[in-house]
J.: 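Sharing a structure here in structure tokens format.
In what follows, every heavy atom counts, from backbone to side chain, and hydrogens, waters and symmetry copies are set aside.
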Amino acid sequence: MQPAAPLVAAIEAGGTKFVVAVGSGPDDIKTLTRVETTEPSRTLREVMQVIAAACRKYGPIQAIGVGSFGPIDLHPESATYGYITTTPKPGWQHTALLAPLHSRFQVPLGFDTDVNAAAIGEMLWGAGQNLDPLVYITVGTGVGGGVIVGQQPLHGLLHPEIGHLMVPAPSTPGVIVPECYCPFHKSCLEGFVSGAAIAARWGIRGEMMPADHPAWEEVAETLAYGLINIILTLSPKRIIMGGGVMKQVGLLESVRSHTVRLLNGYINASAITQDIHSYIVAPGLGDRSGICGALALGINAMREAQGASQ
Ligand code: ZN
């Protein structure tokens with residue numbers, strides 16, 4: 001009989017909920033729990049209770065992987081490593097995420113953005129396998145993107161903030177609130193196409209809109225402006241688009257056709273000119289990209305610690 005694979009905990013820290021899992025891999029998730037995002041100390045306490053309960057039931061964990069909304073500090077030498085930093089989310093600015101987990105569980109920790117985690121999940125087990133560079137974009141309450149280059153998540157100066165790419169302001173007639181919804185920028189992607197921005201612009205939530213609502217054409221074209229900037233800058237082999245807004249029927253297809261139109265034949269690659277359906281795709285892991293990626297961050301942290309101790 002094979003020994004049981006070591007268990008790790010995974011946390012997908014989001015602005016509306018934290019998803020917590022314990023398992024040894026994407027096909028062996030023992031427990032999956034949602035904790036509402038309220039204020040930091042309460043949310044983290046509840047998350048730690050979920051992990052502790054799973055440890056009592058299934059055995060000790062060897063590491064924890066955290067994929068978090070941000071911006072976050074990813075530089076291990078920094079005094080605020082493991083913090084959420086300048087987020088517009090009230091109450092969460094300058095919040096230490098890793099320190100409470102470390103003091104409670106005393107295990108190695110892996111840490112990255114929620115979208116880099118999702119990109120890792122898709123690279124390992126989803127729609128991004130053997131496709132590098134790879135970009136994962138989520139369009140939900142907010143907009144974010146993770147980037148894989150050389151099989152590693154791209155960090156750099158901070159980390160990619162694809163949701164805040166500048167795009168032309170759409171001017172569809174009938175909009176109630178035409179201004180960009182982002183508190184930082186006057187014309188950015190998130191400010192026009194996030195779930196929150198759509199609801200503000202049109203006075204109706206996206207889920208309530210009919211498929212022929214003019215908002216969807218605007219969302220598709222605005223997203224396509226973001227995508228062409230990504231394609232022209234990073235030259236990814238594939239772009240994966242997840243998040244609640246992308247579940248709108250027909251939206252992904254409309255994003256593909258606007259992207260091809262806006263590129264206007266300039267990128268003469270068959271992936272775009274002939275096979276756009278395989279180039280801009282839905283996540284292979286469905287809604288589990290982020291939590292599977294967080295699991296991968298935990299597994300990586302465990303292996304690094306094992307390597308360091310040998
Ligand atoms: Zn912005």
J.: What is the minimum heavy-atom distance between V135 and I137, and which atoms define it?
T.: CG1-CG1, 3.8 Å

J.: In plain terms, say whether R42 and E39 are close enough for a salt bridge, that is, a side-chain N and a carboxylate O under 4.0 Å apart.
T.: no

J.: Within the 4.5 Å heavy-atom criterion, are T259 and V255 side-chain neighbours or not?
T.: yes

J.: Go through L165 and I230 one step at a time and tell me if the side chain to side chain contact (heavy atoms under 4.5 Å, CB included) criterion holds.
T.: CA-CA 9 Å; L165 281 171; I230 292 164; 3.8 Å; yes

J.: Going through the checks in order, is the side chain to side chain contact (heavy atoms under 4.5 Å, CB included) test met by H94 and I84?
T.: CA-CA 5 Å; H94 310 293; I84 293 173; over 6 Å; no

J.: Carefully, step by step, assess I64 and I61 under the rule side chain to side chain contact (heavy atoms under 4.5 Å, CB included).
T.: CA-CA 8 Å; I64 303 174; I61 52 166; 3.7 Å; yes

J.: Working to the nearest 0.5 Å, report the span between CG of L7 and CG of D28.
T.: 7.0 Å

J.: For K247, give me all partners under salt bridge (charged side-chain N to carboxylate O under 4.0 Å, His left out), at least two apart in sequence or on another chain.
T.: D287

J.: For the residue pair W216 and V245, establish whether any side-chain heavy-atom pair is separated by less than 4.5 Å.
T.: yes

J.: Does any non-hydrogen side-chain atom of F111 lie less than 4.5 Å from one of P76?
T.: no

J.: To the nearest 0.5 Å, what is the distance between CD1 on I239 and CG on L134?
T.: 9.5 Å

J.: Is the closest basic N to carboxylate O distance between R201 and E218 below 4.0 Å?
T.: yes

J.: If we ignore hydrogens and angles and just use 3.5 Å, is the side chain of T222 paired with the main-chain N or O of V219 as donor and acceptor?
T.: no

J.: For residues I72 and V47: do they belong to one hydrophobic cluster (side chain heavy atoms under 4.5 Å, members Ile, Leu, Val, Met, Phe, Trp, Tyr)?
T.: yes

J.: Which atom names give the shortest non-hydrogen contact between N116 and L154, and what distance separates them?
T.: ND2-O, 3.2 Å

J.: Taking side chain as C-beta onward, heavy atoms only, is V107 less than 4.5 Å from Q62?
T.: no

J.: Measure up the W92 and F18 rings against each other and bin them: parallel (under 30°), tilted (30 to 60°), perpendicular (over 60°).
T.: tilted

J.: Checking Y279 side chain against P236 main chain: does a donor-acceptor pair fall under 3.5 Å?
T.: yes

J.: Going from CG on L44 to CG on L98, what distance comes out if it is rounded to the nearest 0.5 angstrom?
T.: 10.0 Å

J.: Quick check: do R288 and I29 have side-chain heavy atoms less than 4.5 Å from each other?
T.: yes

J.: Going from NZ on K89 to OG1 on T16, what distance comes out if it is rounded to the nearest 0.5 angstrom?
T.: 7.5 Å

J.: Is it true that a side-chain atom of T37 and a backbone atom of G14 form a donor plus acceptor pair closer than 3.5 Å?
T.: yes

J.: What I'd like to find out is whether the side chain of K17 reaches to under 4.5 Å of the side chain of V19, using heavy atoms alone.
T.: yes

J.: Using the rule that Ile, Leu, Val, Met, Phe, Trp and Tyr join whenever any side-chain heavy atoms are under 4.5 Å apart, tell me whether F192 and I228 fall into a single cluster.
T.: yes

J.: Is the ring centre of W202 less than 6.0 Å from the ring centre of Y181?
T.: no

J.: With hydrophobic residues grouped by side-chain heavy-atom distances under 4.5 Å, do V147 and M166 end up in a single group?
T.: no

J.: Hey, does V22 have a side-chain heavy atom less than 4.5 Å from the side chain of V8?
T.: no

J.: Compare every heavy atom of L285 with every heavy atom of G126, then report the nearest pair and how far apart it is.
T.: CA-CG, 3.9 Å

J.: For T43 and T38, which I'm curious about, is there any donor-acceptor pair between the side chains at under 3.5 Å?
T.: yes

J.: Using only atom types and a distance under 3.5 Å, with no angle test, would you say the side chain of H75 pairs donor to acceptor with the backbone of E77?
T.: no

J.: I'd like to know if the side chain of S187 and the backbone of V167 have a donor-acceptor N/O pair within less than 3.5 Å.
T.: yes

J.: Measure from the side-chain N and O atoms of E190 to the backbone N and O of V143, and report whether any donor-acceptor pair falls under 3.5 Å.
T.: yes

J.: Looking at every heavy atom in both P153 and I120, which two are closest together, and how far apart are they?
T.: CG-CD1, 3.8 Å

J.: Donor-acceptor check, side chain of S103 to backbone of P100, threshold 3.5 angstrom: yes or no?
T.: yes

J.: Is it the case that the side chain of H258 and the backbone of L223 share a donor-acceptor pair, with hydrogens and angles ignored and the cut-off at 3.5 Å?
T.: no

J.: So with a 6.0 Å cut-off around CG of N130, is the heavy-atom count from everything else above 12?
T.: no

J.: Other residues, nucleotides and ligands only: do more than 12 of their heavy atoms fall within 6.0 Å of CZ on R205?
T.: no

J.: Using a distance-only test with no angle check, is there a side-chain donor-acceptor pair under 3.5 angstrom linking H155 and D112?
T.: yes

J.: By ring pair (Phe, Tyr, Trp, His ring centres under 6.0 Å), which residues pair with H185, not counting sequence neighbours?
T.: H164

J.: Side chains of M241 and L252: does their closest heavy-atom pair fall under 4.5 Å?
T.: yes

J.: Can you name the nearest heavy-atom pair linking E122 to P283, along with the distance?
T.: OE2-CB, 3.4 Å

J.: Check the pair I291 / I11 against side chain to side chain contact (heavy atoms under 4.5 Å, CB included), numbers first and verdict last.
T.: CA-CA 7 Å; I291 195 66; I11 302 170; 5.9 Å; no

J.: Could you list the residues that satisfy salt bridge (charged side-chain N to carboxylate O under 4.0 Å, His left out) with E179, not counting sequence neighbours?
T.: none

J.: Say whether V249 and I280 are linked into one hydrophobic cluster, either directly or through other cluster members, by side-chain heavy-atom distances under 4.5 angstrom.
T.: no

J.: If you round to the nearest 0.5 Å, how far is OG1 of T86 from CG of L158?
T.: 7.5 Å

J.: Heavy atoms only: give me the nearest D132-Q151 pair and the separation to one decimal.
T.: OD2-N, 2.6 Å

J.: Passes side-chain hydrogen bond (donor to acceptor under 3.5 Å, both in side chains), D73 versus T80? Steps please.
T.: CA-CA 6 Å; D73 188 339; T80 53; 2.6 Å; yes

J.: When rounded to the nearest 0.5 angstrom, what is the spacing between CG in L109 and NE2 in H102?
T.: 6.0 Å

J.: I'd like to know if L227 and V193 are part of one continuous hydrophobic network [Ile/Leu/Val/Met/Phe/Trp/Tyr, side-chain heavy atoms within less than 4.5 Å].
T.: yes

J.: Going by atom types only, do D114 and S68 share a side-chain donor-acceptor pair under 3.5 Å?
T.: no

